[in-house]
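Take a look at the structure set out below.
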Amino acid sequence: MRLIFALFKFYRMFNKRVKIRELLAQEPTGQEVTVMGWVRSFRNNQFIALNDGSTNNNIQVVAELGKFDDTLLKRITLSASFKVKGTIVPSLGKGQKMDLNAATIEVLGDSDAEKYPIQLRNRPTLEYLREVAHFRFRTNTFGSIFRIRHSLAFAIHKFFNDKGFVYLHTPIITASDAEGAGEMFRVTTLPFDEEKNKTPRNEDGTIDFKEDFFGRPTNLTVSGQLEGELGATALGDIYTFGPTFRAENSNTTRHLAEFWMIEPEMAFYDLEDNMNLAEEFIKYIIQYAITNNRDDLEFLAQRLAEEEKQLPQDKRSDMGLIEKLEFVLNNNFERITYTEAIDILRESNHNKKKKFQYPITGWGMDLQSEHERYLVEKHFKKPVILSNYPREIKAFYMRQNEDGKTVAAMDILAPGIGEIVGGSQREERLEKLEARMKEMHIPADELWWYLDTRKFGSVPHAGFGLGFERMVQFVTGMTNIRDVIAFPRTPKSAEF
RNA sequence: UCCUGCUUAGCUCAGUUGGUUAGAGCAUCUGACUGUUAAUCAGAGGGUCGCUGGUUCAAGUCCAGCAGCAGGAGCCA
């Protein structure tokens, strides 16, 4: 019995695939292993750099000269896939600590080098890689980005789970058109062939949505917040983490038509509790990535440093990527009110020299990107939490402050990214909420279910939304949001 | 949606004031070499100059329209 077990163990040792990340952490002691992966480079007709996606580091497979026939060697091309069995020994070369001396090399899938769109030595641009998004995963840059993206997503669930939050799945398809968070994508099964006039019509010529799948107009969600509040006012603390859709014609480095958002919503929280949670949350997930993705962050830090070398001096960052993240961890976010922000901006030399494209007209104005950037990047040089905005420039559901002018809103602004979190304490007083909805022409009858939370055991509560891709941008240092999501959806672009 | 810019070989880019046959590096292919490290060396093939129209004896180059992409703005996360 013991012999069978030993044989089995030996068999497994020799045949079970080991991930390259695990293998490289071991010491080379002549162990027999099987690895599988894709060819990154084939040097000297003898050395195969094999990568399996578990890390940017490759295992160097040594195919001893004369041991394998030419027809096999010809098939070792960029991105071809292989199963290699052999022995791990200390490397004779200088670039790596171990070699895999191949006993057998088995082709899993050929890769026609003439047609393969990415040549790693060519330094393909990020723009080009977006056009071959199905292959950009095979580059070091995107390998690192997507492993970090995964870590951040996992850390988010861990953070909230450890705090006893309930992960709530709010709907992707919503009937509510009243959230006011931007243009929506219509969801319908109605035919829209205008020529044949198949679209069902009412007598007055408008479209008859009673014939539609849900019997009413429906859209893709722009936010799970309102539904989230229903959960929070029963379960206590909830968070959502799902896709969100905005049909805005936005062409910027920080907008997507389909993106992922985290929206925690907490009963019995006030604005300050909300800010404390958001700051702790952001620091936690950054710390998680630093602890668990050191190699990938170092790779991206180097990539960013090289990219910035091409920029003029004044556009380069003061800190390296990892330095920047550690700085964020080790310092409190600056907390100021909107009113204080306006004062700072008004008194700034930048304003006095009339360098703002949009002048500081005074209290009540909406802050432009350039103003936010000035506060975060020039004045404080760290993340800033802005709170208590004028009620006129904020959403209907935000809690009205006693001054009658402001609401208990808070935005977190991050250097290089801008607004990364938007949140508020919610208006829990029915009369105040209804009055505000009336002023802002929000149809109360469509939101009867939302208002009910204020009629039956209403409680103070608060929440915020964090744009996941913007967070990934901040951690990876990628300047374009399209490079931190696997398959970006932007205006005129939905390939793959 | 607005403003600005870009579009030349598989990729990254040169291409002068409009002038004969549009170049380079890398990649690819062929050969050589063999402890390489983005391997190296030699040779070869590879182009509808984004699309449509215009100006001109002549357009990669000038003009207009369109498309796509990028950056900035707005909207926002």
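Order of the sequence lines fixes the chain letters, A, B, ..., with proteins taken first and strands second; residue numbering starts at 1 for each chain. It should be emphasised that the depicted structure is a prediction, and the values quoted were computed from it without experimental measurement. Only heavy atoms go into these numbers, but all of them, side chains included; no hydrogens, no water, no symmetry mates.
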Output a table of nitrogen or oxygen pairs between the protein and nucleotides 3-10 of chain B separated by less than 3.5 Å.
| residue | atom | partner | partner atom | Å |
| --- | --- | --- | --- | --- |
| B:rG10 | N2 | A:Asn122 | ND2 | 2.7 |

Interface with RNA chain B, restricted to [range] and to heavy atoms under 4.0 Å:
{"range": "residues 270-282 of chain A", "value": "none"}
{"range": "residues 91-100 of chain A", "value": "A:Ser91, A:Leu92, A:Gly93, A:Lys94, A:Gly95, A:Gln96, A:Asp99"}
{"range": "residues 418-425 of chain A", "value": "A:Glu419, A:Ile420, A:Val421"}

Going by the rule ring-ring contact (aromatic ring centres under 6.0 Å, His included), which residues pair with A:Tyr269 if we only count those two or more places apart in sequence or in a different chain?
none
Output all residues satisfying ring-ring contact (aromatic ring centres under 6.0 Å, His included) with A:Phe160, sequence neighbours left out; order by chain, then residue number.
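Counting only residues at least two positions away or on another chain, A:Phe160 forms a ring-ring contact (aromatic ring centres under 6.0 Å, His included) with A:Phe165, A:Tyr239, A:Phe281.
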For atom [atom1] of [X] and atom [atom2] of [N], their distance in whole Å:
{"X": "A:Ile156", "N": "B:rA77", "atom1": "CD1", "atom2": "C1'", "answer": "13 Å"}
{"X": "A:Phe42", "N": "B:rG35", "atom1": "CZ", "atom2": "P", "answer": "14 Å"}
{"X": "A:Glu372", "N": "B:rC76", "atom1": "CD", "atom2": "C1'", "answer": "10 Å"}
{"X": "A:Gln46", "N": "B:rG35", "atom1": "CD", "atom2": "P", "answer": "7 Å"}
{"X": "A:Phe135", "N": "B:rC11", "atom1": "CZ", "atom2": "C1'", "answer": "15 Å"}
{"X": "A:Trp260", "N": "B:rA77", "atom1": "CH2", "atom2": "P", "answer": "18 Å"}

Show me the donor-acceptor pairs within less than 3.5 Å that the side chains of residues 72-80 of chain A make with the rest of the protein, sequence neighbours left out.
| residue | atom | partner | partner atom | Å |
| --- | --- | --- | --- | --- |
| A:Arg75 | NE | A:Asp110 | OD1 | 2.9 |
| A:Arg75 | NE | A:Asp110 | OD2 | 3.4 |
| A:Arg75 | NH2 | A:Asp110 | OD2 | 2.9 |
| A:Thr77 | OG1 | A:Ser111 | O | 2.6 |
| A:Ser79 | OG | A:Tyr116 | OH | 2.9 |
| A:Ser79 | OG | A:Arg138 | NH1 | 2.8 |

Please tabulate, one pair per line, each protein N/O and nucleotide N/O from nucleotides 41-50 of chain B that are separated by under 3.5 Å, including the distance.
none

Determine, answering yes or no, if A:Phe259 is stacked on B:rA77 under the 5.5 Å centre rule and the 30° plane rule.
yes
Would a line drawn from the ring center of A:Phe241 to the ring center of A:Tyr167 be shorter than 6.0 Å?
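No, the ring of A:Phe241 stays outside the 6.0 Å limit from the ring of A:Tyr167, centre to centre.
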Name the closest nucleotide to the A:Lys74 side chain, picking from B:rA77, B:rG31, B:rG35.
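Closest nucleotide among those given: B:rG31.
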Tell me, which pairs form a salt bridge (charged side-chain N to carboxylate O under 4.0 Å, His left out) where one or both residues lie in residues 148-159 of chain A, sequence neighbours left out?
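Only A:Arg149-A:Glu469, A:Lys158-A:Asp162 qualify under salt bridge (charged side-chain N to carboxylate O under 4.0 Å, His left out).
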A:Arg121 side-chain N/O to B:rU37 phosphate OP1/OP2 under 4.0 Å
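For A:Arg121, the contact criterion (side-chain N or O under 4.0 Å from OP1 or OP2 of B:rU37) is not met.
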Does a nitrogen or oxygen in the side chain of A:Arg43 sit under 4.0 Å from OP1 or OP2 of B:rA39?
yes
Which dot-bracket notation, 5' to 3', represents the base pairing of RNA chain B when pairs are defined as Watson-Crick or G-U with both distances under 3.5 Å, crossing pairs as [ ], and inter-strand pairs as |?
(((((((..((((.....[...)))).(((((.......))))).....(((((..]....))))))))))))....
Summarise protein proximity over nucleotides 66-74 of chain B in one line of letters, 5' to 3': B for base, S for sugar-phosphate only, - for none, counting protein heavy atoms closer than 4.0 Å.
--SSSSBBB
Residue pairs passing the ring pair (Phe, Tyr, Trp, His ring centres under 6.0 Å) test where at least one lies in residues 361-383 of chain A, sequence neighbours excluded:
A:Tyr338-A:Trp363, A:His350-A:Tyr374, A:Phe356-A:His371, A:Phe356-A:Tyr374
